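Remember, it's a predicted structure, so these values are computed and weren't measured experimentally.
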Amino acid sequence: MNKQFQNISQQIVDWYKKYGRHELPWRRNITPYKIWISEIMLQQTQVKTVIPYFKNFLKKYPTLRKISQASEDEIMAQWSGLGFYRRARNIFLTKEIIKNDFNNIFPKTYNEILSLPGIGKSTAGAIMSLAYLTPRPILDGNVKRVITRLVNKGIKPIKEKEFWQISEKLLNTKDCFSFTQGIMDLGATICTPTNPTCNQCPLKLNCQSAFKVKIKPKNKKRSIKRLIEMNLQLIHTEKSFLLVKNEEDSIWSRLWIPFNRATMDSYLNRLTHYKNEQISHQLTHRVLDLSINIYKSEKEFKIQTNKKYKWIKKDKIKEYGIPKPINKLMNEL
DNA sequence: TACCCGTGGCG
DNA sequence: TCGCCAAGGGT
C-alpha cells in the first residue's frame, strides 16, 4: 500500500513539472518571507484574488527587514478589501516576534514556525516544504478533495486525523516542493469541486472516483443566516472623513469605520444629515445589514471619547484598513 | 467541536 | 438569486 502511495506521489511530481502553475508570483525567487505571506493570503482565498494583493504587498514590503518597521495600520491598509483581517493582524504580530525573538531572521524549525500567530499545521508544513525543502504534510481544501476522491470513502466522511495520515503517506520526500505545489495545483485545476477533468488527471488510473465523481445535491432548504445590524454615522467635511478604529473583537476588527450612534449622539444635532444608505452586505455565514446616516460638517471637530479616531483626508483613505462596503460608499461621496 | 472571521466568483 | 466554495486558524 505504501508503495502505491509513493507511486501516486511521484505521478503528482511529474505532472507538476509539466503542467503546474509555475508562473505564480510566489513561486519565483523564493524566500521564506514570501512563502509565509503568500500562504497567509491564500488561506480560504482564491489564487486569482490573491495575486494583485500579493504583488502590492511585496512591492511595499519586499523583505522581512522592510516589514519589520511597519505599523499595524500600514499592514491593515495593504490588506484592505482582502477579508479575514485577523490574518493581517497576525502578520503584524508575527513580524514583531521575529524581530524581537529571532533576530529578524525567519525561523527554520517546524515547531518555531508553528508557534507563530496565524500559522497552523498546514501553513507550517507548507513553509517547511516550499521554503526549506524539508518535507512536511499539508492539509487544505484541495488536498482534502483529492484524497477524498482518490480513496473514495463513499458515504462515510474521512476524519481529520485520517486526512493527515494519508497526506503524510503521500508526501514525496525526494521533491517535496513539486509534490506540495503539485497536489494543490491538481486540486485547483483538474480535481475541481464541480466538473473535474478526470481525463487529464495523472491519477485517473489510481483514483477510486475517476469519471464518476458524485456532485453533492443542493441543499434546497433555505438556511436562515444570522443578521448583524450596524447603525453607523458617516461624518465628513469637504476634504475629510471621520473614522474610528474598531477595536471590538468581531467583524472588521482593527479596521477604520464610521462611528456608531451611541458615541456620536450628542454631536449629531449640529450637523447636516442629508442622506441615509441601506446596504446589505453578504458574508459567508452572515448577512450584514448596514444603515449608514451621512452627515456633513463645516469643519473638523473634537470628540469626547476614549476611542481612537481620526479625520482622514480623502486622498489618504487608502493608507488605512477600511472594509469594502465602507470604502465603496466613501468613494461615491 | 462547532462556530467565527470577508470577499468574490460561479452555476 | 443564492448557496457553496476558496492554499485555514483560533477558540
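- Sorted by first and then second residue, the pairs that involve residues 268-283 of chain A and meet salt bridge (Lys or Arg N to Asp or Glu O under 4.0 Å), not counting sequence neighbours, are A:Lys275-A:Glu277.
- At the phosphate of B:dG6, neither OP1 nor OP2 sits under 4.0 Å from any side-chain N or O atom of A:His281.
- Of the residues in residues 30-40 of chain A, those with a non-hydrogen atom less than 4.0 angstrom from any atom of DNA chain C are A:Glu39.
- Ring centers of A:Phe57 and A:Tyr61: under 6.0 Å apart, within the cut-off.
- Distance A:Asp140 CG to C:dA6 P: 9 Å, rounded to the nearest Å.
- Contact annotation for A:Glu160: no contact, since no heavy-atom pair falls under 4.0 Å across all strands.
- No N or O donor and acceptor, one from the side chain of A:Arg145 and one from the base of C:dA6, sit under 3.5 Å apart.
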Nucleotide N/O of nucleotides 3-5 of chain B paired with protein N/O under 3.5 Å:
| unit_1 | atom_1 | unit_2 | atom_2 | d |
| --- | --- | --- | --- | --- |
| B:dC4 | OP1 | A:Arg226 | NH1 | 2.8 |
| B:dC5 | OP2 | A:Arg286 | NH2 | 3.2 |

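- The shortest distance between the side-chain N/O atoms of A:Lys48 and the OP1/OP2 oxygens of C:dA6 is not below 4.0 Å.
- Taking A:Lys174 as the reference, nothing meets the salt bridge (Lys or Arg N to Asp or Glu O under 4.0 Å) condition, with sequence neighbours excluded.
- Of the residues in residues 106-125 of chain A, none lies under 4.0 Å from DNA chain B by heavy-atom distance.
- Residues satisfying the salt bridge (Lys or Arg N to Asp or Glu O under 4.0 Å) criterion with A:Glu96, sequence neighbours excluded, are A:Lys99.
- Rounded to the nearest Å, the gap between the P atom of C:dG9 and that of B:dG8 is 23 Å.
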